[in-house]
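The figures that follow rest on heavy atoms only: side chains count, while hydrogens, waters and symmetry mates do not.
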Amino acid sequence: MSTQLPRRTVITAAALSPALAVGVPAAAQAAGGGSVIRDVVLAVHGGAGSLPRGSITPVQEKAYRDALEKALRAGAGLLAGGAPALDAVEAAVRVLEDDPNFNAGKGAVFNTDAEHELDASIMNGKDLRSGAVAGVHNTRNPISLARMVMERSRHVLMAGKGADIFALQNGLAYTTQDYFFTQRRWDALLNAKNPPPVPPSVTEGQTVGAVAVDQNRDVAAATSTGGLTNKLVGRVGDSPVIGAGTYANSRTVAVSCTGTGEVFIRGVAAYDISALMEYTGAAVQDAAAKVVTEKITALGATGGAIALDPRGRLATPHSTLGIINGYITRDGSVVTRVYNDETPPR
């Protein structure tokens, strides 16, 4: 196995406020055996799956890392200016929704009728407010629509045509379905309908998400996805379900999940991580690992999560071979992790 370290870059000190420009990033082995990364202000993921080193070209690797870093910088820039965590996670996820490498927004997968149906949710840990959309067809950035549902309606979840109309009524631009098209996702649909003799061993660029903590130690989480390739029309997974794919509570943790959505719903995965921390006092790395690598796998599924507590401790457990993710720390260091061997499983 290669010993190459994840790529690090540094944001200049001038880009960070004094409140953020302190601390040294450190990954440590916790008492319970789980790895934890400290002093994190924002983390993102691009989906759990399998991406062995050498399975993509250097150009493709750079595209993934650049997208993760761009998302991190977008959110961190807001945090540095004193913005709330909610603004940071929305901004970070919007960047990933606009990138065709990921299964969210531009680059979303096709359902069984060759359509794109998009899901997203966002949650504010300060007051537990949340918003979500499911089965959106014509909104370029579903994560921003989810926030609009939270802030401009009396609802938490809106779906389908009604959600798209709500987007138009609130100033989000209408987008035709061809905007979301990518050849790679079209080929994946054809392969799903006519499976090749040897199934691919590489799965990359799936659901996206972000978690952040701001200067007031309030946390927020956001998740966005196109769902499953060749899914039944109308299928909804965990990403827009508060407590399953997304959860944030400033007393405990912000969580964004990725994996087999049906099982994450059944396991109420994101909330369960928070509940373990609140009711048992478990550390973030132990609570997240228990849910993702024990509870979800016992239910017959795989996946991953990013979980960030108000003290800036990040856990990235996964039961798949890998999880695409990245984070930025208080001192401005940016780390992107793409290949299977870059992120410990718990």
Residue of the set R184, Q183, R185 for which side chain to side chain donor-acceptor pair (under 3.5 Å) holds with D187: Q183
Distance-only side-chain donor-acceptor flag, T225 / D119, under 3.5 Å: no
Atom NZ of K193 with >12 non-hydrogen neighbours under 6.0 angstrom: yes
H137 side chain vs T175 backbone, donor-acceptor pair below 3.5 Å: no
Heavy-atom donor-acceptor pair, K231 side chain to G226 backbone, under 3.5 Å: yes
Donor-acceptor under 3.5 Å (S319 side chain, G303 main chain): yes
No-hydrogen, no-angle side-chain donor-acceptor test under 3.5 Å, D214 and N216: no
Under 3.5 Å donor-acceptor, E294 side chain and A289 backbone: no
Any donor-acceptor pair under 3.5 Å from T207 side chain to G47 backbone: no
Side chain to side chain, V41 and I328, heavy atoms closer than 4.5 Å: yes
Close side-chain approach of V219 to V211, heavy-atom, < 4.5 Å: no
Test item: F180 and F110 side chains (from C-beta on) under 4.5 Å apart, heavy atoms: no
Between R65 and T336: side-chain donor-acceptor atoms closer than 3.5 Å: yes
Stepwise side-chain contact (heavy atoms from CB on, under 4.5 Å) check, Y64 with I56: CA-CA 10 Å; Y64 279 118; I56 56 176; 4.0 Å; yes
Any donor-acceptor N/O pair, D164 side chain to N138 backbone, under 3.5 Å: yes
Salt-bridge present (R235, E117; N to O < 4.0 Å): no
Interatomic distance, R337 atom CZ to H45 atom NE2 [nearest 0.5 angstrom]: 13.0 Å
Test log, rule side-chain contact (heavy atoms from CB on, under 4.5 Å), inputs R140 and E97: CA-CA 8 Å; R140 173 170 173 166; E97 286 179 335; over 6 Å; no
Any donor-acceptor N/O pair, D113 side chain to E115 backbone, under 3.5 Å: no
N141/L172 under side-chain contact (heavy atoms from CB on, under 4.5 Å): CA gap, chis, key distance, verdict: CA-CA 8 Å; N141 291 111; L172 285 182; 6.0 Å; no
Check ion pair R311-D309 (N to O, under 4.0 angstrom): no
Min side-chain heavy-atom separation S250-R217 under 4.5 Å: no
Residues T223 and S256: side-chain donor-acceptor under 3.5 angstrom: yes
Min side-chain heavy-atom separation D238-C257 under 4.5 Å: yes
Check ion pair E69-R73 (N to O, under 4.0 angstrom): yes
Worked verdict on Y247 versus D272 for side-chain contact (heavy atoms from CB on, under 4.5 Å): CA-CA 9 Å; Y247 193 75; D272 206 23; over 6 Å; no
Donor-acceptor contact below 3.5 Å, side chain R53 vs main chain D341: no
Side-chain donor or acceptor of N340 paired with backbone N/O of L51 under 3.5 Å: yes
Side chains of E151 and L86 in contact at under 4.5 Å (non-hydrogen atoms): yes
Minimum side-chain heavy-atom gap L118-T139 below 4.5 Å: no
Side-chain touch T112/V233, heavy atoms, less than 4.5 angstrom: yes
Heavy-atom neighbours of K106 NZ exceed 12 at 6.0 Å: yes
Polar side-chain atom of Q206 near backbone of G259 as donor-acceptor pair, under 3.5 Å: no
